[in-house]
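We name chains A, B, ... by the order of the sequence lines, and we start the count at 1 in each one.
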Amino acid sequence: MPEFQTSPGTRDILPPDAARWRALTGEFAAVVEPAGYRAIVPPMFEDLGVFLRLGEATDVVTKEMYDFEDKGGRRVALRPEHTASVCRAFVQHRPVEPWKVWYSGPNFRYEKPQAGRYRQFDQVGIEVLGPDDPLLDVEVISLAWDFFVGLGLRGVELRVNSLGDAGDRQRYADELARHFGGHRAEMSAAALETLERNPLRVLDSKRPEDAAAIVSAPSMRDHLSRAAVEHFAAVTAGLAEIGVPHRIDDRLVRGLDYYRRTTFEFVATALPGAQDAIGGGGRYDGLVADLGGPETPGVGFALGVDRTLLACDAEGCFAAPDGEVEVFVVDTTGGSVAMHITRELRRIGRSADRAWDARSMKAQMKAADRSGARVAVIVGSDEAAGGTCIVRNLGDSQQTTIARSDLPAHLDAVLGSPA
RNA sequence: GUGGGUGUAGCUCAGUCCGGUUAGAGCGCCAGGUUGUGGCCCUGGAGGCCGGGGGUUCAAGUCCCCUCACUCACCCCA
């Protein structure tokens, strides 16, 4: 084992995976930018207080925060997600509403690593600040949906729910606490602990002992204000209208407690249960105000890049793009001819690589083969002396000798015009 | 944070239960077979503090303890 390795919960994304990684972000931008979302890049760490607003009852805040004191004595934290940063940026810069932004970048959560769960993990997402129009919720959800579909994913389930307004949520939580209080005897110790902190989260327990108490629990649906009911009805109607399949799940509670009204989650059915949540989001109408800004509604989502890629693996879609070069130059005269040829080729828009360290022709040809190039341009002492080169098709092994000055035109004929 | 599993070559893994000379295989890499030409085949080569530390023993990759890392599940989430 080498002395230095990646820290727990982090890893290197090597080629060709890193290319796929970037391609995924590219796909996301291609879905979201035509809808008017513009890229935002907030800092990776902020004043700890920004993230504490995510909710004191959430694990993300209470036990997973990657916080530390900097040399200036400031209490800062690596961001656990983007939403709080985007809202802080909104309060700080006061852009014109609606403010529609998208992002892509790493988040940090100090958790015990596991399959599909890292301490540094990437998300792509969008946020919209300003409107509280339920049809905006529909747009937001549909963009995530379109993105997944565009990747080729077929086994994605969309679950939606409404948590109501702040008051609804509180009343419901109280009622749930009463309900579960009556079932203490049969429930798991862990669930009882959760009950103390955040009764809503108990609905999330997957333990068999808790199942009965959860099934008989009152539904959020019966505790929504009239306005929240209407909002949610408009959201689900909108989704149905544009043909985005979804399931209403009145037990759906999300991990951050800033959510109000609409919440949703994307589940990849091809993935094991512990890692099948590939994205989620919702409305957070109080968050901007909590961060010291004006009362401003917001909606958004974040999708896990790692898990989305895992889902693609499981479904066999969205393969890594090949990073192969078109031409490989073999030069057995010392290498400087290859230097000139690769430079010329790149200047006219062709990708070209070569071998180093003056290796034998056999070794260079082997490298050419491995590079995935379609043609090899070969220069030995005869060619160097005569100002010619050999162009060899690595597919069918046909080769011809041509004047070096004819190389660009010859490649156009063999490979087509440069991309 | 809690519990299980695993750490041997660049990679995938034998060998560990029942301790015993220079620790193996496949793939990959390098060289040669091919005096200028890749893939296939053949031959050879390089490459291991057997995760780290301590202990038991005449002797430890193998047994015991500790530790670190990875991994899976719970929790939680992306």
Table of protein N/O atoms under 3.5 Å from nucleotides 39-46 of chain B N/O atoms:
residue	atom	partner	partner atom	Å
B:G39	O4'	A:Asp369	OD2	3.1
B:G39	O6	A:Ser397	OG	2.5
B:G39	N1	A:Ser397	OG	3.4
B:G39	N2	A:Leu394	O	3.3

ask   = Should the pair A:His179 and A:His183 be assigned to parallel (<30°), tilted (30 to 60°) or perpendicular (>60°) ring geometry?
value = tilted

query = Between B:C76, B:A78, B:U71, which one does the side chain of A:Glu64 approach most closely?
reply = B:C76

task = Return each pair, listed once, that meets salt bridge (charged side-chain N to carboxylate O under 4.0 Å, His left out) where at least one residue sits in residues 32-43 of chain A; pairs must be two or more places apart or across chains.
result = none

Show the distances under 3.5 angstrom between N or O atoms of the protein and N or O atoms of nucleotides 7-12 of chain B.
none

inquiry  = So for atom CZ, which belongs to A:Arg251, do other residues, nucleotides or ligands contribute more than 12 heavy atoms lying within a distance under 6.0 Å?
reply    = yes

note = Sorted by chain and residue number, the side chain to side chain donor-acceptor pair (under 3.5 Å) partners of A:Gln170 (sequence neighbours excluded) come out as A:Asp174

request  = Please measure how far the C1' atom in B:C63 lies from the corresponding atom in B:A73, and state the result in whole Å.
outcome  = 29 Å

note = note: A:Gln120, atom CD; B:A78, atom C1'; distance rounded to Å ~ 13 Å

request  = Nearest whole angstrom, please: distance from the P of B:U71 to the CG of A:Asp306.
outcome  = 12 Å

key: First of A:Phe266 and A:Ala367 reached from the 5' end of RNA chain B, by closest nucleotide   = A:Ala367

note = Interatomic distance, CZ@A:Arg261 vs CZ@A:Phe232, rounded to 0.5 Å, equals 12.0 Å

Sugar-phosphate, base or nothing in reach of A:Ala368, heavy atoms under 4.0 Å = nothing

remark   = Residue pairs passing the side chain to side chain donor-acceptor pair (under 3.5 Å) test with at least one member in residues 404-419 of chain A, sequence neighbours excluded, are A:Arg350-A:Asp412

message = Taking only the C1' atom of each, what is the distance from B:G44 to B:G52 in whole angstrom?
response = 36 Å

query = Quick one: is B:G28 close enough that its OP1 or OP2 comes under 4.0 Å of any side-chain N or O from A:Arg370?
reply = no

query = Just checking A:Arg119: base, sugar-phosphate only, or nothing, at a heavy-atom cut-off of under 4.0 Å?
reply = nothing

key: Opposite nucleotide pairing with B:G32, Watson-Crick or G-U, both atom distances under 3.5 Å   = B:C42

message = Nearest 0.5 angstrom please: A:Tyr259 OH to A:Leu54 CG, how far?
response = 9.5 Å

query = With both distances kept under 3.5 Å, what pairs with B:C74, Watson-Crick or G-U wobble?
reply = B:G1

task = Looking at every strand, decide which applies to A:Glu265 at a 4.0 Å heavy-atom threshold: base, sugar-phosphate, or nothing.
result = nothing

ask   = Atom CZ of A:Arg307 to atom P of B:A78: distance rounded to whole Å?
value = 8 Å

task = Output the single nucleotide from B:G36, B:U71, B:A78 whose closest atom is nearest the side chain of A:Phe121.
result = B:A78

message = Partner lookup for B:A23, please. Criteria are Watson-Crick or G-U wobble with both distances under 3.5 angstrom; report none if nothing qualifies.
response = none

key: Pairs meeting criterion salt bridge (charged side-chain N to carboxylate O under 4.0 Å, His left out) with involvement of residues 267-277 of chain A, two or more places apart   = none

Side chain to side chain donor-acceptor pair (under 3.5 Å) between A:Thr83 and A:Glu127, worked out = CA-CA 7 Å; A:Thr83 307; A:Glu127 312 287 349; 2.9 Å; yes

Could you go over nucleotides 1-4 of chain B and give all protein N or O partners under 3.5 Å, atom names and distances?
residue	atom	partner	partner atom	Å
B:U2	O4	A:Lys112	NZ	3.2

Nucleotide forming a Watson-Crick or wobble pair with B:A60, both distances under 3.5 Å = none

message = According to salt bridge (charged side-chain N to carboxylate O under 4.0 Å, His left out), does anything in residues 264-273 of chain A pair up with another residue at least two apart or in another chain? List the pairs.
response = A:Arg254-A:Glu265

request  = Indicate, with a heavy-atom threshold strictly under 4.0 Å, whether A:Glu81 touches base, sugar-phosphate, or nothing.
outcome  = nothing

ask   = Got a sec, which pairs hit side chain to side chain donor-acceptor pair (under 3.5 Å) with one end in residues 364-389 of chain A, sequence neighbours left out?
value = none

task = Pick the P atom in B:C13 and in B:G7, then give their distance to the nearest Å.
result = 10 Å

request  = Supply the atom-to-atom distance A:Phe108 CZ to A:Phe121 CZ, rounded to the nearest 0.5 angstrom.
outcome  = 9.5 Å

ask   = Does the cation-pi check pass for A:Arg354 over A:Trp356, that is, NZ or CZ under 6.0 Å from the six-membered ring centre and within 45° of its axis?
value = yes

remark   = Closest heavy-atom pair, A:Pro42 versus A:Ser85, reported as atoms and distance to 0.1 Å, is CB-CB, 3.9 Å

key: Position toward the 5' end of RNA chain B (nearest nucleotide), A:Gln123 or A:Ala274   = A:Ala274

query = Mind checking the P distance from B:C17 to B:C64? Whole angstroms is fine.
reply = 9 Å

task = Provide the distance between the two C1' atoms, one in B:A78 and one in B:G4, to the nearest whole Å.
result = 25 Å

message = Test of understanding: with side chain to side chain contact (heavy atoms under 4.5 Å, CB included), list the residues that count as partners of A:Glu111, not counting sequence neighbours.
response = A:Glu64, A:Arg109, A:Arg117

request  = Measure the distance from CD1 on A:Ile13 to C1' on B:A78 and round it to the nearest whole Å.
outcome  = 13 Å

key: Spacing of the P atoms in B:A14 and B:U56 (rounded, Å)   = 31 Å

request  = Would you mind reading off the distance between A:Arg79 atom CZ and B:A78 atom P, rounded to a whole angstrom?
outcome  = 15 Å

query = Would you call the rings of A:Phe90 and A:Trp99 parallel, tilted or perpendicular if under 30° counts as parallel and over 60° as perpendicular?
reply = tilted

Set out, line by line, the N/O atom pairs under 3.5 Å between protein and nucleotides 66-69 of chain B.
none

message = So A:Gly279, base contact, sugar-phosphate only, or nothing? Heavy-atom distance under 4.0 Å.
response = sugar-phosphate

key: Distance, rounded to the nearest Å, where A:Ile378 contributes CD1 and B:U37 contributes C1'   = 5 Å

remark   = Using Watson-Crick geometry (N1-N3 plus N6-O4 or O6-N4) or G-U wobble (N1-O2, O6-N3), each under 3.5 Å, B:U6 is paired with B:A69

request  = May I ask you to say what A:Val267 touches in the nucleic acid, namely base, sugar-phosphate or nothing, with a heavy-atom cut-off under 4.0 Å?
outcome  = nothing

query = Hey, does A:Ile278 reach any base, or is it just sugar-phosphate, or nothing, if we go heavy atoms under 4.0 Å?
reply = sugar-phosphate

task = Please state the P separation for the pair B:G10 and B:U16 - nearest whole angstrom.
result = 23 Å

ask   = Which pairs with one or both residues in residues 304-317 of chain A pass salt bridge (charged side-chain N to carboxylate O under 4.0 Å, His left out), sequence neighbours excluded?
value = A:Arg11-A:Asp306, A:Arg20-A:Asp313

ask   = P atom, B:C29 versus B:A69: distance in rounded Å?
value = 33 Å

ask   = For A:Asp122, which contact category applies under a 4.0 Å heavy-atom criterion: base, sugar-phosphate, or nothing?
value = nothing

query = Reckon A:Ile390 touches a base, only the sugar-phosphate, or nothing at all at heavy-atom distances under 4.0 Å?
reply = base

